[in-house]
Amino acid sequence: FALHQEKELVPYADQVRQRFESWLAQQENAGRRFTGEQKRWLEMIRDHVALSLEIDLEDFTLTPFVEEGGIGKARKVFGTDLARLIDELNKVLAA
């Protein structure tokens, strides 16, 4: 905003939510479907990025992830896609 790249000042958390919704729609349009449990985890990741600017595997030891089973559960939910998904979300949401 201060650099005149944006016309209005929008809270970062709102920007992250908008980017997430756009990314999710793009994924679904490309035929990628997420289960309800995966969407819940994706929303927790989104919210973490909105507060912390990014996420990495170590963050799964923090609230709310640890209450949901931590990194072990995340790996079970997303399988081998977890690391790639985290990298992708960091690029998209924190842009």
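Because only heavy atoms are used, hydrogens play no part in the values below, and waters and symmetry mates are left out as well, while side chains stay in.
Hydrophobic clustering, with ILVMFWY side chains joined whenever heavy atoms are under 4.5 angstrom apart, groups L42 together with L53. Hydrophobic clustering (side-chain heavy atoms under 4.5 Å, transitive across Ile, Leu, Val, Met, Phe, Trp, Tyr) groups L57 together with F78.
Remark: side-chain polar atoms of D59 are paired, donor with acceptor, to backbone N or O of D56 under 3.5 angstrom. Proximity of a side-chain donor or acceptor of N29 to a complementary backbone N or O of A25 within less than 3.5 Å is detected. One N or O on the side chain of Q38 and one on the backbone of V77 form a donor-acceptor pair closer than 3.5 Å. Of the possible polar contacts, one joining the T61 side chain to the E58 backbone as a donor-acceptor pair under 3.5 Å is found.
The pair E37-K73 meets the salt-bridge criterion, with a side-chain N (NZ, NE, NH1 or NH2) lying under 4.0 Å from an Asp/Glu carboxylate O. The pair R46-E54 fails the salt-bridge criterion, with no side-chain N (NZ, NE, NH1 or NH2) lying under 4.0 Å from an Asp/Glu carboxylate O.
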(Q) Please evaluate residues T80 and R75 with respect to the criterion side-chain contact (heavy atoms from CB on, under 4.5 Å), reporting the C-alpha separation (whole Å), side-chain torsions for both, the decisive distance (0.1 Å), and the verdict. (A) CA-CA 7 Å; T80 58; R75 285 190 172 126; over 6 Å; no
Q: Apply salt bridge (charged side-chain N to carboxylate O under 4.0 Å, His left out) to the pair K39 and E21, showing each step before the final yes or no.
A: CA-CA 11 Å; K39 284 184 180 179; E21 292 303 322; over 6 Å; no
Q. Can Y12 and L51 be said to form a side-chain contact (heavy atoms from CB on, under 4.5 Å), step by step?
A. CA-CA 9 Å; Y12 182 70; L51 292 173; over 6 Å; no
Q. Could you go step by step and tell me if R17 and F20 meet the side-chain contact (heavy atoms from CB on, under 4.5 Å) rule?
A. CA-CA 5 Å; R17 281 185 179 80; F20 177 78; 5.5 Å; no
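Applying the side-chain hydrogen bond (donor to acceptor under 3.5 Å, both in side chains) rule to T63 yields the partners E67; only residues at least two apart in sequence or on another chain are considered.
Annotation: the span from I45 atom CD1 to S52 atom OG amounts to 12.5 Å, rounded to 0.5 Å. With rounding to the nearest 0.5 angstrom, the CD atom of E28 is 6.0 Å from the CZ atom of R33.
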List the atom pairs, with distances to 0.1 Å, where a side-chain N or O of residues 82-95 and a protein N or O form a donor-acceptor pair under 3.5 Å, not counting sequence neighbours.
| from | atom 1 | to | atom 2 | distance (Å) |
| --- | --- | --- | --- | --- |
| R84 | NH1 | E88 | OE1 | 3.0 |
| D87 | OD2 | K91 | NZ | 3.2 |
| E88 | OE2 | W23 | NE1 | 2.7 |
| E88 | OE2 | Q27 | NE2 | 3.4 |
| N90 | OD1 | I55 | N | 2.8 |
| N90 | ND2 | I55 | O | 2.6 |
| N90 | ND2 | I86 | O | 3.3 |

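Aromatic ring orientation, F65 versus F60: tilted (interplanar angle from 30° to 60°).
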